[in-house]
Chemist: 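Let me begin by handing over the structure; questions about it come next.
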Amino acid sequence: MAIHKAVIPAAGLGTRFLPATKSTPKEMLPVVDKPAIQYVVEEAVRAGLDDVLLITGRSKRTLADHFDAVPELEAALEAKGDTERLARVRESTELGHVHFVRQGQPRGLGHAVLQARHHVGDEPFAVLLGDDLIDERDELLSTMLELQSRVGGSVIALLEVPHEQISLYGCVEVEPLGDEPDQVQVTGLVEKPPVDEAPSDLAIIGRYVLHPAVFEVLERTEPGRGGEIQLTDALQTLAGMDPQDGGGVYGVVFRGRRYDTGDRLDYLKAVVRVASDRPDLGPDFRAWVREFAAGLDD
Ligand code: G1P
C-alpha cells in the first residue's frame with residue numbers, strides 16, 4: 001500500500017526568532033512571500049502525501065487559518081478581477097487534506113511524533129521538519145519512500161556536514177546497502193554528540209519515513225538529550241530490532257540543495273537563494289545583489 005500520510009511537527013517555540021515569534025509561529029515566517037510551512041506541505045503533496053497532519057501547540061492558530069479559506073478576501077479579489085492574487089490566496093487551501101492536533105506540552109520531537117499515533121494508525125508515514133527546506137528541483141522524499149517500500153523498516157535523510165557542525169544534529173553510524181552509494185544501512189544513532197565522540201560526519205536532516213512500530217517504541221523511550229523524548233533515540237531502538245517487528249533503519253544521503261530556516265543567518269541565506277531563483281523577482285534581485293556585493297568590498 002502506498003504511503004500517503006505526512007506528519008509535520010510545528011509546536012516549537014521559535015525562541016531563536018524573538019521578537020518576531022512572540023505572537024507569530026516561526027513556521028509562518030515568510031521565505032520571500034510564502035510562509036515556510038507552505039513549502040514543506042507542498043513538498044509532501046508533491047511526493048504523493050496528500051494527508052498532512054500538523055502537530056501544533058498553543059499560539060499557533062494562524063497556522064490553521066493559513067490552510068483555510070478566507071471568504072471576504074477571496075470575494076474582494078474576485079470582485080476586482082484580480083485572478084492572479086486570488087490564485088495565490090487559494091493555493092494553500094487547495095493543497096491537500098491538512099489536519100491538526102496539539103502537542104499539549106513541548107516534550108521533544110519524539111513526543112510530538114507520538115501525538116500522530118491515532119491519526120496515522122498502523123501504516124508507514126513520513127515526518128517532515130519545518131526548519132529544513134529541500135529545493136524542489138532535488139529529489140529526496142520520493143527516493144526515501146521508494147527505498148522504504150523496497151526494504152521496509154524506517155528511512156531517514158542524511159547530509160554530510162563539516163565535522164565541527166555535527167554536534168548540532170543527530171549523527172549516524174552506517175554500513176553499505178547494495179550497490180547504490182547514497183543508500184545505507186544505519187547501525188547506530190546518537191542525538192547531538194560532542195564533536196570528538198561523533199561516529200561520522202553524517203547528520204540526520206528533517207525528513208523521515210517511519211514504520212508504525214516507532215509509536216510503541218516512543219511510548220517507552222525515556223527523555224534523552226535536553227530532557228526531551230528524542231526521535232533519534234527511538235530510531236536507535238528500531239535499528240536494533242528484528243525487521244519482522246518493524247525494525248531496521250536505512251538512510252538516503254542527500255546531495256542536493258537544503259535551506260535551514262531554523263537559524264537566523266541560514267534563514268537570510270534561504271530567502272536570498274529562493275528570491276534569486278524566482279522567475280518573477282530573480283532577474284532584478286540578482287542584478288541588485290551583484291551590485292550590493294560589489295559595494296561590500298569597499
Ligand atoms: C532535530 C533532530 C535532529 C536532527 C535535526 C535536523 O533537532 O532531533 O536529530 O538532526 O532536527 O534538523 P532540532 O533541530 O529540532 O533540535
Side-chain angles (χ1 to χ4, degrees), residues 6-17 21 25-27 29 31 36-37 39-40 43 54-57 103 105-116 126-135 140-141 144 154-174 184 186 188-195 197-210 214 217-218 221-239 249-254 256-267 269-270:
V7 172
I8 305 181
L13 296 175
T15 48
R16 279 187 278 186
F17 282 88
T21 47
K26 68 169 175 175
E27 294 79 12
L29 295 180
V31 176
I37 188 77
Y39 290 90
V40 181
E43 180 192 336
L54 296 191
I55 315 289
T56 67
Q103 191 179 359
Q105 290 163 13
R107 292 177 57 203
L109 179 58
H111 182 253
V113 170
L114 196 47
Q115 309 312 304
V127 172
L128 293 86
L129 304 189
D131 285 349
D132 284 315
L133 295 190
I134 302 297
D135 196 301
L140 175 58
L141 201 49
M144 295 171 70
S154 297
V155 176
I156 62 179
L158 302 171
L159 182 76
E160 241 175 85
V161 299
H163 187 61
E164 64 281 5
Q165 284 175 22
I166 194 69
S167 58
L168 299 172
Y169 299 91
C171 176
V172 296
E173 204 173 339
V174 300
V184 292
V186 177
L189 302 93
V190 50
E191 180 67 7
K192 303 193 177 106
V195 170
E197 288 172 26
S200 75
D201 291 342
L202 279 176
I204 304 171
I205 54 168
R207 297 294 180 269
Y208 307 78
V209 178
L210 300 175
V214 74
V217 172
L218 280 168
T221 301
E222 295 291 329
R225 210 174 185 292
E228 297 190 333
I229 298 172
Q230 298 291 351
L231 183 56
T232 304
D233 294 345
L235 284 160
Q236 165 72 2
T237 305
L238 283 172
V249 177
Y250 309 91
V252 170
V253 182
F254 182 59
R257 289 155 281 197
R258 161 195 179 249
Y259 314 122
D260 181 356
T261 57
D263 169 85
R264 285 176 302 170
L265 186 60
D266 285 327
Y267 170 79
K269 292 180 194 167

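Since the model is a prediction, treat every value here as computed from it, not as a measurement. Quick note: residue numbers are just sequence positions, from 1. Both counts, for ligands and for their atoms, begin at 1 and track the order of listing.
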Chemist: Got a sec, which residues hit salt bridge (Lys or Arg N to Asp or Glu O under 4.0 Å) with Glu160, two or more places apart in sequence or on another chain?
Modeler: Arg255
Chemist: How long is the span from the CG atom in Leu158 to the CD1 atom in Ile204, to the nearest 0.5 Å?
Modeler: 7.0 Å
Chemist: Is ligand 1 under 4.0 Å from a heavy atom in the side chain of Leu129, in the backbone, in both, or in neither?
Modeler: side chain
Chemist: Could you identify the single nearest non-hydrogen protein atom to atom 2 (C) of ligand 1 and state the distance to 0.1 Å?
Modeler: Glu191 OE2, 3.6 Å
Chemist: Does atom 15 (O) of ligand 1 have any protein heavy atom closer than 4.0 Å?
Modeler: no
Chemist: Are more than 12 heavy atoms from other residues, nucleotides or ligands located less than 6.0 Å from atom CZ of Arg257?
Modeler: yes
Chemist: Can you see which heavy atom on Glu43 is nearest to which on Arg207, and at what distance?
Modeler: OE1-NH2, 2.7 Å
Chemist: Provide the number and element of each atom of ligand 1 under 4.0 Å from a heavy atom of Gly170.
Modeler: 3 (C), 4 (C), 9 (O), 10 (O)
Chemist: Distance to 0.1 Å, residue and atom name: give those for the protein heavy atom nearest to atom 5 (C) of ligand 1.
Modeler: Ile204 O, 4.0 Å
Chemist: Taking only residues two or more places apart in sequence, or in another chain, which ones meet Asp132 in a salt bridge (Lys or Arg N to Asp or Glu O under 4.0 Å)?
Modeler: Arg258
Chemist: In the protein, what heavy atom is nearest to atom 13 (P) of ligand 1, and what distance, to one decimal place, separates them?
Modeler: Lys192 NZ, 3.5 Å
Chemist: Hey, which atoms in ligand 1 end up nearer than 4.0 Å to a heavy atom of Asp132?
Modeler: 6 (C), 12 (O)
Chemist: State the atoms of ligand 1, each with its element, that fall below the 4.0 Å cut-off from a heavy-atom position in Thr232.
Modeler: 9 (O)
Chemist: Check the surroundings of atom CD in Glu164: do more than 12 heavy atoms from other residues, nucleotides or ligands lie under 6.0 Å from it?
Modeler: yes
